[in-house]
Amino acid sequence: MSITTAFAQSHILKPTSLLKSNPETPLNTLELYLDYACPFCLKIFQRWTDGGFFTDDFLTTHKLQIRFNHVPQPWHIRSIPIHNVGLAVARYKPEAFWDYSLKLFKDAKETWDDNFNNATPNEFNNVLAEHAHKYTGIDKVLVTDYLGEKEASTRMADLKYFVRYHRTVGVHMTPTVAINGIICGNIESSTDLDKVVEIIKQQTL
């Protein structure tokens, strides 16, 4: 599965132990199309995290790799800056991306509103830079530059890549799950985890 090289390490979870023992093992691909500001995306990401779907054991069992795709929704005004800070962490501290994403989902629902908590856009970017530093240890200056004018061209190119990707494959709603390129409309945020595993098995035979 191809992805822009800047996010190959951060956005794709692979069965590390399986690939160490057999680097040529063919893998199934599950894609998650998610918006940090969507409460249903928080629900599926939290449930799958708690259910161990993002662990090496699960990925190895199903010969599976999982890709995270950003789908900022225009009706959530806070969505784009929150995706931007997630991309900053992905670019500069890729190993922290998946754990930090869970925190972004939670705070996008519980802490931040579409008025940026009465902050200006620049003030909200500073809040996000502090947040990234607090929860990942990333250098705040890196994040501040990425969210500001200094790295504006990089930031816009990063987000545009993911927007073009989800539009190209026809995904517009969140959360959406695809397995080996086929959208699984029968997997929703409330789908029982055992049922999800059953569908994964059916789609990866």
Side-chain angles (χ1 to χ4, degrees), residues 3-12 31-49 54 67-169 171-176 189:
I3 189 172
T4 183
T5 55
F7 301 112
Q9 185 178 352
S10 58
H11 279 62
I12 300 176
E31 295 186 85
L32 286 169
Y33 295 85
L34 303 169
D35 177 15
Y36 286 126
C38 170
F40 300 104
C41 290
L42 164 60
K43 184 176 181 180
I44 196 172
F45 201 83
Q46 179 75 74
R47 293 180 76 237
W48 285 29
T49 299
F54 303 143
R67 170 174 168 157
F68 186 112
N69 293 307
H70 298 265
V71 186
Q73 301 287 16
W75 48 85
H76 297 305
I77 306 302
R78 65 197 183 283
S79 180
I80 286 178
I82 296 173
H83 279 282
N84 284 338
V85 77
L87 288 167
V89 169
R91 179 173 276 278
Y92 299 119
K93 196 167 185 179
E95 69 276 10
F97 174 73
W98 286 78
D99 288 342
Y100 185 56
S101 285
L102 180 57
K103 184 61 180 171
L104 285 179
F105 281 119
K106 290 178 177 178
D107 283 348
K109 180 177 184 293
E110 300 168 1
T111 305
W112 302 315
D113 60 33
D114 279 334
N115 291 319
F116 305 147
N117 292 31
N118 297 316
T120 67
N122 283 338
E123 288 170 343
F124 191 59
N125 282 339
N126 286 331
V127 169
L128 294 174
E130 289 278 6
H131 188 271
H133 174 70
K134 177 179 179 181
Y135 291 104
T136 72
I138 193 172
D139 186 342
K140 183 186 171 185
V141 174
L142 281 177
V143 182
T144 301
D145 288 347
Y146 183 89
L147 298 178
E149 291 302 315
K150 190 170 183 179
E151 297 294 337
S153 60
T154 299
R155 180 184 73 250
M156 289 187 287
D158 288 347
L159 188 60
K160 184 182 289 186
Y161 165 77
F162 285 99
V163 171
R164 290 179 67 186
Y165 184 85
H166 77 75
R167 289 180 178 177
T168 297
V169 299
V171 171
H172 299 285
M173 301 303 294
T174 58
T176 292
S189 60

Just say parallel, tilted or perpendicular for the rings of [X] and [Y], cut-offs at 30° and 60°.
| X | Y | value |
| --- | --- | --- |
| His70 | His11 | tilted |
| Tyr36 | His83 | tilted |
| Phe45 | Phe68 | perpendicular |

Which pair of non-hydrogen atoms, one from [X] and one from [Y], has the smallest distance, and what is that distance?
| X | Y | result |
| --- | --- | --- |
| Ile3 | Ala8 | CG2-CA, 3.6 Å |
| Gly86 | Leu104 | CA-CD1, 3.7 Å |
| Arg47 | Ser189 | NH1-O, 3.0 Å |
| Ala129 | Leu147 | N-CD1, 4.3 Å |
| Leu128 | Trp112 | CD2-CH2, 3.7 Å |
| Asp113 | Asn118 | OD1-N, 4.5 Å |

Heavy atoms from other residues, nucleotides or ligands near [atom1] of [X] exceed 12 (cutoff 6.0 Å):
| X | atom1 | answer |
| --- | --- | --- |
| Leu159 | CG | yes |
| Lys140 | NZ | yes |
| Tyr92 | OH | yes |
| Glu110 | CD | yes |

Donor-acceptor pair, side chain of [X] and main chain of [Y], under 3.5 angstrom:
| X | Y | result |
| --- | --- | --- |
| His133 | Ile138 | yes |
| Asp145 | Lys150 | no |
| Asn117 | Thr111 | yes |
| Arg155 | Asn84 | no |
| Arg67 | Glu31 | no |
| Trp48 | Lys43 | no |
| Lys93 | Thr136 | yes |

(request) Apply side-chain contact (heavy atoms from CB on, under 4.5 Å) to the pair Val89 and Tyr135, showing each step before the final yes or no. (result) CA-CA 10 Å; Val89 169; Tyr135 291 104; over 6 Å; no
When rounded to the nearest 0.5 angstrom, what distance separates [atom1] in [X] from [atom2] in [Y]?
| X | Y | atom1 | atom2 | value |
| --- | --- | --- | --- | --- |
| Asp35 | Phe40 | CG | CZ | 12.0 Å |
| Thr174 | His76 | OG1 | NE2 | 6.0 Å |
| Asn125 | Thr144 | CG | OG1 | 8.5 Å |
| Phe105 | Thr49 | CZ | OG1 | 9.0 Å |
| Lys160 | Ser153 | NZ | OG | 10.5 Å |
| Leu42 | Leu34 | CG | CG | 10.5 Å |

(message) Among Pro72, Pro121, Pro74, exactly one meets side chain to side chain contact (heavy atoms under 4.5 Å, CB included) together with Ile80. Which residue is that?
(response) Pro72
(message) Quick check on the 6.0 Å ring-centre criterion: do Phe162 and Phe7 meet it?
(response) yes
(request) Apply side chain to side chain donor-acceptor pair (under 3.5 Å) to Tyr100 and list each qualifying residue two or more places apart in sequence or on a separate chain. (result) His131
(request) Give the C-alpha distance, both sets of side-chain angles, the deciding distance and a yes or no for side-chain contact (heavy atoms from CB on, under 4.5 Å) between Leu102 and Trp98. (result) CA-CA 7 Å; Leu102 180 57; Trp98 286 78; over 6 Å; no
